[in-house]
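Shown next, in structure tokens, is the structure this report addresses.
Keep in mind that the numbers below use all heavy atoms, side chains included, and drop hydrogens, waters and symmetry copies. When a ligand or atom number is given, it counts from 1 through the structure's own listing order.
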Amino acid sequence: MKNIAVIYWSNGGNVEVLADNIVKGAESEGAKVTVKHVQDAKVEDVTSADAVAFGSPSLDNNKIEQDHMAPFIKEFKLLPIQGKKAVLFGSYGWDEGAFLKEWKKVVEDYGFNVVGELAVKEAPDDEQLQKAGELGKLLAK
Ligand SMILES: Cc1cc2nc3c(=O)[nH]c(=O)nc-3n(C[C@H](O)[C@H](O)[C@H](O)COP(=O)(O)O)c2cc1C
């Protein structure tokens, strides 16, 4: 059984509903999922997982959330990540997903193997929720 960690930040709920669907997708493949707001997450939640999903909105001039998510991600800079499978997901208002492209460069630089990404404009539609579920399944395989 795969251990999956889903770690996200959300204020208005758009990223949260994506996280919920990633969790459901991973659980439907039999994975054990730890899902946490980044404020409650520990580095070990990620290092002990077989695969991870990180989620954030675009904030603060097209960047991931800076008070909690950015410093959490930075913790992995010097840790042995060794190609751990990762999915990045999030929501934006107007940057068309540019924040996620930048984020991908950072986490790949830290050694994660980004196998999927999903950036949606504001609230996800049904098709995007289904895509989130598929990303959860992908992590669990
Ligand atoms: C204070 C604030 C700052 C924002 N800054 C950006 C931004 O720089 N670029 C962008 O594309 N969207 C920006 N947005 C839009 C959010 O990324 C978008 O509403 C997202 O769906 C919020 O996710 P959440 O509902 O999970 O909190 C901002 C929204 C708020 C409330």
Test side chain to side chain contact (heavy atoms under 4.5 Å, CB included) on V6 and V33 and set out the steps.
CA-CA 7 Å; V6 179; V33 183; 3.9 Å; yes
Top protein contact for atom 24 (P) of ligand 1, by heavy-atom distance:
G12 N, 3.5 Å
Stepwise, does the salt bridge (Lys or Arg N to Asp or Glu O under 4.0 Å) test hold for E102 with K105?
CA-CA 5 Å; E102 286 304 308; K105 284 188 213 159; 3.0 Å; yes
Which residue owns the protein heavy atom closest to atom 3 (C) of ligand 1, what's the atom, and how far is it?
L59 CD2, 3.7 Å
re atom 25 (O) of ligand 1, the protein heavy-atom contact at minimum distance is N14 N, 2.9 Å
If you have a sec, work out which protein heavy atom is nearest atom 26 (O) of ligand 1 and how many Å separate them, to one decimal?
S10 OG, 2.6 Å
Pull out every atom of ligand 1 sitting under 4.0 Å from any heavy atom of D60, numbered as shown with elements.
5 (N), 8 (O)
May I ask you to identify the nearest protein heavy atom to atom 20 (C) of ligand 1, giving residue, atom name and distance to one decimal place in Å?
S91 OG, 3.4 Å
Report the residue from T47, V46, V87, L88 that forms a side-chain contact (heavy atoms from CB on, under 4.5 Å) with V52.
V46
N/O separation below 3.5 Å, W94 to ligand 1:
yes
Who's closest to atom 28 (C) of ligand 1 heavy-atom-wise, of S58, P57, G13?
S58
Checking S58 against D95: is there a side-chain donor and acceptor pair closer than 3.5 Å?
yes
How does N61 reach ligand 1, if at all, at less than 4.0 Å between non-hydrogen atoms: by side chain, backbone, both, or neither?
backbone
With the side chain counted from C-beta on, respond yes when V15 and W9 share a heavy-atom pair under 4.5 Å apart, and no when they do not.
no
So which atom in I4 and which in A31 form the shortest heavy-atom distance, rounded to 0.1 Å?
CG1-CB, 3.6 Å
Distance from atom 18 (C) of ligand 1 to nearest protein heavy atom, with residue and atom:
E122 OE1, 3.4 Å
Do you know which two heavy atoms are closest between P71 and Q66, and how far apart they sit?
CD-O, 3.2 Å
Are any non-hydrogen protein atoms located under 4.0 Å from atom 22 (C) of ligand 1?
yes
Passes side chain to side chain contact (heavy atoms under 4.5 Å, CB included), D20 versus E16? Steps please.
CA-CA 6 Å; D20 290 347; E16 185 157 50; 4.3 Å; yes
Using side-chain heavy atoms (C-beta onward) and a distance below 4.5 Å, is L59 in contact with F99?
no
Among protein heavy atoms, which lies nearest atom 15 (C) of ligand 1, and at what distance?
G93 N, 3.5 Å
Taking the inter-plane angle between the rings of F54 and F76 on a 0 to 90° scale, is it parallel (under 30°), tilted (30 to 60°) or perpendicular (over 60°)?
tilted
Is the shortest distance from atom 1 (C) of ligand 1 to a protein heavy atom below 4.0 Å?
no
Which of the numbered atoms in ligand 1 are under 4.0 angstrom from any heavy atom belonging to N11?
24 (P), 26 (O), 27 (O)
Nearest protein heavy atom with distance in Å, relative to atom 8 (O) of ligand 1:
N62 N, 2.8 Å
